[in-house]
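Worksheet: the structure to be examined is printed underneath.
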Protein chains: 2
Amino acid sequence: MFSKATEYALRATIYLAKKSSPDKKIGIGEIAKAIDSPPSFTAKILQSLTKDNTLVSSVRGPNGGFFLTENAKKLPVRAILIAMGEDEVLEKCVLGLKRCSEVQPCPMHEQYKSIKQLLIKLFTNKSIQQLANEIKEGEVYISNKINHQ
Amino acid sequence: MFSKATEYALRATIYLAKKSSPDKKIGIGEIAKAIDSPPSFTAKILQSLTKDNTLVSSVRGPNGGFFLTENAKKLPVRAILIAMGEDEVLEKCVLGLKRCSEVQPCPMHEQYKSIKQLLIKLFTNKSIQQLANEIKEGEVYISNKINHQ
DNA sequence: ATAAATAAAGATAACTTTATCCTTTATTGT
DNA sequence: ACAATAAAGGATAAAGTTATCTTTATTTAT
């Protein structure tokens, strides 16, 4: 459904929502291990998400790292898709037709429409924080590597 | 959601379900124009789908081309995804986690589960022929190029 | 038989995505 | 100030996807 980059972005951001705060920054090493992603690549992705500082924030140096502000945690999960430039996935025609619309529907349009609506609702109504809260404490949820340390 | 190759495969196969039969083969030129796809690339894709001859069939030479048998038309749309090796898209975790499952759910698992079920149902229960039938006669459905001929 | 038509196969190229590594810059604690 | 730390930035590479072109093989019609 999404690119690897976006999958990592979603996982990393959810992890940060759970574990970080402006007082508790998380290094790329811990993040990558926790979400089971390549560290350098994940760093690049997170760096791109810090560009406008509304989603992910970061501080360099000792005790630095990545974190989410309380405001960022309240954003819909869809904000991550938008930041990654992959929001269109939720809206686009399942057959990839540019002109597909209500007035000019593709053969799958009607039936796929309701699925799209559910997808959009899920990503729009669910906040990053709400997702983070669904991670049960002590549970291996993203990678089982982090819990064996 | 799907790769370009799979989008072309879906469009081409639906088009063939509508327009072709063992008695009426369609050339790659017409197909590509109709579904608005690059001809050579589409040819490659269709060729790969003719490999086992259960989905797309083809004959070379004059009056040759691609076509679908009546049996092929009865296959679920999902057969195209399977042939393209992209069936996993319907089943996989939305966060890309290998271990995500009922017993070890990711934070989106529960809510995404129902969407996945709808997706699987749509692609499994709908036959290629049924989709083709939803194309209204004379309607521009895939590309508006073909109707201007 | 031969020529024409058309898919199949192969080689290759352009572009994108994924990924790594190294250097630079900023921050913190001493 | 200085040293250590960690993200930011840049260059590059490997792999995968998308796309094109040329040659070959097959089929049909004459």
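The structure displayed is predicted, hence computed values, not measured ones. The chains referred to below are lettered A, B, ... by the order of the sequence lines, with proteins before strands, and numbering in each begins at 1.
Across all strands, A:Ser58 comes closer than 4.0 Å only to sugar-phosphate atoms, never to a base (heavy-atom distances). Among the atoms of the strands shown, only primed sugar atoms or phosphate atoms (P, OP1, OP2) are found under 4.0 Å from some heavy atom of B:Tyr8. Residue contacts shown for A:Ile26 are limited to sugar-phosphate atoms, with no base heavy atom under 4.0 Å away. At a threshold of 4.0 angstrom between heavy atoms, the contacts of B:Gly29 with the nucleic acid are absent.
When the ring pair (Phe, Tyr, Trp, His ring centres under 6.0 Å) test is applied to B:Phe66, no partner is found at least two apart in sequence or on another chain. Residues satisfying the ring pair (Phe, Tyr, Trp, His ring centres under 6.0 Å) test with B:Tyr112, not counting sequence neighbours, are none. Residues meeting the side chain to side chain donor-acceptor pair (under 3.5 Å) test with B:Thr54, sequence neighbours left out: B:Asp52. The side chain to side chain donor-acceptor pair (under 3.5 Å) test applied to B:Ser37 returns B:Thr42, not counting sequence neighbours.
Each of B:Ile26 and B:Phe67 belongs to its own hydrophobic cluster when Ile, Leu, Val, Met, Phe, Trp and Tyr are linked at side-chain heavy-atom distances under 4.5 angstrom. Transitive grouping of hydrophobic side chains (ILVMFWY, heavy atoms separated by less than 4.5 Å) brings B:Leu118 and A:Val89 into a common cluster.
Identified under the side-chain hydrogen bond (donor to acceptor under 3.5 Å, both in side chains) test for residues 79-96 of chain B, with sequence neighbours left out: A:Glu7-B:Lys92, B:Ser3-B:Glu86, B:Thr6-B:Glu86, B:Arg78-B:Asp87, B:Arg78-B:Glu91. Screening residues 67-76 of chain A for salt bridge (charged side-chain N to carboxylate O under 4.0 Å, His left out), with sequence neighbours left out, gives A:Glu70-A:Lys73. Within the structure, ring pair (Phe, Tyr, Trp, His ring centres under 6.0 Å) pairs that include any residue of residues 18-51 of chain A comprise A:Tyr8-A:Phe41 (at least two apart or interchain). Residue pairs meeting the salt bridge (charged side-chain N to carboxylate O under 4.0 Å, His left out) criterion with at least one partner in residues 114-133 of chain B, sequence neighbours excluded, are B:Lys126-B:Glu134.
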Short heteroatom pairs, N/O only, protein and nucleotides 22-26 of chain C, under 3.5 Å:
| unit_1 | atom_1 | unit_2 | atom_2 | d |
| --- | --- | --- | --- | --- |
| C:dT25 | O2 | A:Arg60 | NH1 | 2.9 |
| C:dA26 | O4' | A:Arg60 | NE | 3.3 |

What does the list of N/O pairs under 3.5 Å between the protein and nucleotides 12-16 of chain C look like, with a distance for each?
none

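Closest to the B:Pro38 side chain, of the nucleotides C:dT28, D:dA7, D:dT20, is D:dT20. Checking C:dA9, C:dT18, D:dA19 against the side-chain heavy atoms of B:Lys51 singles out C:dA9 as nearest.
OP1 or OP2 of C:dG29 sits under 4.0 Å from a side-chain N or O of A:Asn63.
Comparing B:Gly27 and A:Ser40, the nucleotide of DNA chain C nearest to each residue sits closer to the 5' end for B:Gly27.
Counting only N and O atoms by type, the side chains of A:Glu102 and A:His109 include a donor and acceptor under 3.5 Å apart.
Listed by residue number, B:Lys44, B:Gln47, B:Thr50 are the residues of residues 42-50 of chain B with a heavy-atom contact under 4.0 Å to DNA chain C. Proximity of residues 78-89 of chain B to DNA chain D (heavy atom under 4.0 angstrom from any strand atom) is not detected for any residue.
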